[in-house]
2 protein chains.
Amino acid sequence: MQSFTEENYLKIIYHLSVISNPVQTNAIAERIQTKAASVTDMIKKLSEKELVNYVKYQGVTLTEKGKLTAINIVRRHRLWEVFLVEKLNFKWDQVHEVAEELEHIKSILLVERLDEFLEFPKVDPHGDPIPDQYGNFADLSFLKLSKLKTNEKGTITGVSEHSSPFLKHLEKLGLTLGKRIEVSEIIDFDGSVELLIEDRKINISKEVAKHILISK
Amino acid sequence: MQSFTEENYLKIIYHLSVISNPVQTNAIAERIQTKAASVTDMIKKLSEKELVNYVKYQGVTLTEKGKLTAINIVRRHRLWEVFLVEKLNFKWDQVHEVAEELEHIKSILLVERLDEFLEFPKVDPHGDPIPDQYGNFADLSFLKLSKLKTNEKGTITGVSEHSSPFLKHLEKLGLTLGKRIEVSEIIDFDGSVELLIEDRKINISKEVAKHILISK
DNA sequence: ATTATTTTTTAGATTTGTCTAAATTAAAAA
DNA sequence: TTTTTAATTTAGACAAATCTAAAAAATAAT
């Protein structure tokens, strides 16, 4: 059984692994709002418990055991987010901090019953996939355009916002279903995205990119 | 803002206050599964924060501030118990440990929305009253017979178990609505209760006593 | 290839909540 | 009232998770 703090480290390492593997001490320190020295201490502890592979000065990777634990935390976090939005009428921007606490409640029965109560949701309110109890993610054939990295390509397969003004905006830009796009640049300053579509270059805000669903 | 541990102490002190006031160090130690020395340490800390009144060797009482905090924890605990039983189909005997964790999640919005979602329940699955956000308990005109102390009297005003075998059992014993009873003795060994009813003496199990509702 | 810079680690201290063992106070018994 | 017993507190230590400051290693720059 892991402590609250250990679980937090595992979760952060899991998320950072997607971006770069192995994960650096400083990256963890920044995300967890602590000092690099503290991270080193905790990593040693997690390494002794065989939850991470640790080589001095080389950063960490999760072991199978650590990864499974991390995915389970992510599962709990996202299920609670669904609960908060769908049952308690939270706004999507209000759920994160609360889910951050709820995710650490251990009862297996609680999580399975919650999953059932929510009718086995496959994605959380932000469109992120919810793994099952064995750590498997449903193979969602789409992901948000905002999750693509520079030079990645994809086909527009849906939207997650159905308001008329939004759809009209996409139409004007030529961003309609079935169109093939490539991310040519992500602007650091505001997170906006430069796209290549039919040899034209267009720019869309981060907000818009979040609501466009892509399959590769 | 209090820590998880501080909250637990306040909650336990609150519950023990009902039985004896001020509350003794040893009583807290036993309930919280720790040593008397640790309790003394924590009490000093709570006293500095003006959550309890503490006089050396005399035990503790809650201050207004401490009492309000404690009642709020009780509120959260009982609301979560209702949620677990009514929405997630937990059995009444499965809820306590989980609610023990859930009660420490701080978000005020969460608790108010949960209350609303559950349609403002007045009692938890065990019949214990749920205070409102200001710490006021609905003046329930009944309480469980099992909560009466020796020599206390009351009138039977309801039951919290409606199965046919149970009701037949009560009828046979003469324990019907409107009857006046007095607790003559509580047997330590099994928690069973000896009652005086219409000058007869009868004995009922703790289980049965729990499901009989009384008004004084 | 050396030097400079950044990143990471070590060493030692701090805080929170706990513990044991000994000392103190209060309560009960003689 | 004195003695015995029980409850409580103090003193000092410990584990978890953190910190600062200094040392060591890796990376980047010249």
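Everything numeric in this text was worked out from a predicted model, so none of it was measured. Chain identifiers are assigned alphabetically (A, B, ...) following the order of the sequence lines, protein sequences preceding nucleic acid strands; residue numbering begins at 1 within each chain. FYI, side chains are in, hydrogens and waters are out, and symmetry mates aren't considered; it's all heavy atoms of this structure.
Rounding to the nearest 0.5 angstrom, the gap separating the CZ atom in A:R31 from the CG atom in A:N26 is 14.0 Å. Note that CD1 of B:I13 and CD1 of B:I28 are 4.0 Å apart. Values are rounded to the nearest 0.5 Å. Here the CD1-CG distance, from A:I156 to A:L213, works out to 10.0 Å after rounding to the nearest 0.5 Å.
Not one side-chain nitrogen or oxygen of A:Y54 sits closer than 4.0 Å to the OP1 or OP2 atom of C:dT8. The shortest distance between the side-chain N/O atoms of B:K56 and the OP1/OP2 oxygens of C:dA26 is not below 4.0 Å.
Between B:E100 and B:R76 there is no salt bridge, since no side-chain nitrogen of the basic residue lies less than 4.0 Å from a carboxylate oxygen of the acidic one. Between A:K106 and A:E7 there is a salt bridge, since a side-chain N of the basic residue sits under 4.0 Å from a carboxylate O of the acidic one.
DNA chain D lies under 4.0 Å from at least one heavy atom of each of the following residues of residues 25-43 of chain B: B:T25, B:N26, B:A36, B:A37, B:T40. Within residues 5-16 of chain B, the residues approached by DNA chain C to less than 4.0 Å at the level of any non-hydrogen atom are B:T5, B:Y9, in residue-number order.
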Could you check B:R75 against B:E103 for salt bridge (Lys or Arg N to Asp or Glu O under 4.0 Å), going step by step and ending with a plain yes or no? CA-CA 8 Å; B:R75 168 171 163 78; B:E103 73 189 6; over 6 Å; no
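For A:K87 and A:F117, the positive end sits near the middle of the six-membered ring, less than 6.0 Å away and at most 45° from its axis.
C:dA27 atom C1' lies 12 Å from atom CD of B:Q58, rounded to whole Å.
Within the structure, ring-ring contact (aromatic ring centres under 6.0 Å, His included) contacts touching residues 29-84 of chain A (residues at least two apart or in different chains) are A:H77-A:H96, A:W80-A:F83, A:F83-B:F83.
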